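Some notes on the structure that comes next.
As the structure is a computational prediction, the values presented were derived from the model and not from experiment. Reminder, nothing fancy here: chain letters follow the sequence lines and each chain counts from 1.
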Protein chains: 2
Amino acid sequence: MTVMDTTGTHVDSCAGPPHADRRPDGQDRYTISEVAALTGLTAHTLRWYERIGLMPHIDRSHTGQRRYSNRDLDWLGLVGKLRLTGMPVADMVRYAELVREGDHTYGARFELLKATREGVRARIAELQDTLAVLDRKIDFYGDAGRALASEGAVL
Amino acid sequence: MTVMDTTGTHVDSCAGPPHADRRPDGQDRYTISEVAALTGLTAHTLRWYERIGLMPHIDRSHTGQRRYSNRDLDWLGLVGKLRLTGMPVADMVRYAELVREGDHTYGARFELLKATREGVRARIAELQDTLAVLDRKIDFYGDAGRALASEGAVL
DNA sequence: TAGAACCTTCGAGTGCGCTCCAGGCAAGCG
DNA sequence: CGCTTGCCTGGAGCGCACTCGAAGGTTCTA
């Protein structure tokens, strides 16, 4: 249960390419504005994520300021990806809760990830379908659109 | 300029598979609730689409009720597809305006469709990227997740 | 030691895409 | 004739995901 190992690289293995201007583990104490610059989120949004329970506990300096770790950046990377899929923030909060609750939620998290993956796959299929519609429409315009348009077709 | 031909099937050729329970052209005067059932949108939403300029002019019965045509359904089919891509309603309104403005907007519409297509392609790429992240995470869980989770990795 | 630049919290505001309500009209039916 | 059903309009309200402002404390640079 205790977290002894903070040097392993496996922590990073799940959040895409690690950001270039990251500090090595051990000196990874970023201010909120540094994290904002790194992630593209605003400081406001980062604090809001914390308020709604989307972040793990963020370390604080002796004066109470947030100090983000590399692991926090990894988490934000994952959140960013999930956000791109259109996953509602509430669902991500649910996942964050499972992580906080510890090992016994392992199965639930696994299932949630798999369900999310299926959702993303379905979304991709949907978009490819839409792409086909657009392709047909664009061909239509390219080939004979001008003539057909004047006949009243809804282009 | 005059719209003589309403019997051609080419009108339909751009909006995916035609809905099964459609009436043949000529008897295509659907009430708002029929269209709601056919499209999955609510009557409220259909009226709202009209208010914001997303629909062409919808025909009315002698008592002022809306009567949608097959062409209107085609248009709603396209709108539905574009909505799936995440295109903002405002952009779709812009496209609708171009259609209303007539043939001379042909080029603009063509460009807009091509830009939209590129947007969809980019979105698909993004999702595939996310899918890869999820796949890695899921493998991780499946292979050694339980052990690593107890070491403190952010899964 | 001044001032800028950063941080904190709380709470209100914004933009989008609906979603719903109130109040009223018109048609069909027993 | 009254009742129900379906439709009309204009406008208010809602949920989401931020986004920003106010008021005040702290830390860095000259």
Side-chain angles (χ1 to χ4, degrees), chain A residues 29-55 57-69 72 75-97 116 119 123 126 130, chain B residues 28-55 57-69 72-73 75-97 116 119 123 126 130:
Chain A
R29 289 175 64 76
Y30 308 88
T31 67
I32 199 167
S33 57
E34 285 169 336
V35 175
L38 249 44
T39 61
L41 299 166
T42 68
H44 280 302
T45 301
L46 287 168
R47 292 189 202 104
W48 178 69
Y49 277 3
E50 210 175 318
R51 269 212 304 276
I52 64 174
L54 186 51
M55 297 298 296
H57 177 75
I58 302 295
D59 202 21
R60 298 295 179 122
S61 73
H62 68 105
T63 54
Q65 296 187 359
R66 288 171 184 80
R67 291 294 179 261
Y68 291 81
S69 67
D72 297 328
W75 176 256
L76 283 169
L78 175 64
V79 165
K81 285 290 182 200
L82 293 179
R83 219 165 34 113
L84 285 180
T85 71
M87 180 188 275
V89 166
D91 291 5
M92 291 190 267
V93 170
R94 177 74 195 122
Y95 184 72
E97 278 165 2
T116 302
R123 186 102 187 78
E126 224 172 50
T130 302
Chain B
D28 52 338
R29 290 173 63 76
Y30 308 88
T31 67
I32 198 168
S33 55
E34 285 170 336
V35 175
L38 249 43
T39 61
L41 299 167
T42 69
H44 284 302
T45 301
L46 287 167
R47 292 190 202 102
W48 178 68
Y49 277 3
E50 210 174 317
R51 270 214 300 272
I52 65 174
L54 186 50
M55 297 299 294
H57 177 75
I58 302 295
D59 201 22
R60 297 294 180 119
S61 73
H62 69 104
T63 54
Q65 296 188 359
R66 288 170 183 81
R67 291 294 178 263
Y68 292 81
S69 67
D72 297 328
L73 292 183
W75 175 256
L76 283 169
L78 176 63
V79 165
K81 285 291 181 199
L82 293 179
R83 218 166 35 112
L84 286 180
T85 70
M87 180 188 274
V89 166
D91 290 5
M92 290 190 268
V93 169
R94 177 75 195 124
Y95 184 72
E97 278 165 1
T116 301
R123 187 100 186 80
E126 223 173 52
T130 302

If every non-hydrogen atom of [X] is compared with every non-hydrogen atom of [Y], which pair is closest and at what distance?
| X | Y | result |
| --- | --- | --- |
| A:R29 | A:D59 | NH1-OD2, 2.6 Å |
| A:W75 | A:L54 | NE1-O, 2.7 Å |
| B:T39 | B:L76 | CG2-CD1, 4.1 Å |

Hey, which of these two, A:S61 or A:T42, hits DNA chain D nearer its 5' end, going by closest nucleotide? A:T42
Expressed in angstrom and rounded to an integer, what is the separation of [X] atom [atom1] from [N] atom [atom2]?
| X | N | atom1 | atom2 | value |
| --- | --- | --- | --- | --- |
| A:L46 | C:dC6 | CG | C1' | 15 Å |
| A:Y30 | C:dC7 | OH | P | 16 Å |
| B:I52 | C:dC18 | CD1 | P | 8 Å |

Under the salt bridge (charged side-chain N to carboxylate O under 4.0 Å, His left out) rule, collect the residues that match up with B:E34, sequence neighbours excluded. B:R23
Check this for me, if you would: do A:R123 and A:E126 make a salt bridge, where the nitrogen-to-carboxylate-oxygen distance has to be below 4.0 angstrom? yes
Residues B:R94 and B:E97 bridged, charged N to O under 4.0 Å: yes
Just by protein heavy atoms under 4.0 Å, how would nucleotides 5-18 of chain D read 5' to 3' in B, S and -? --SSBBB-----SB
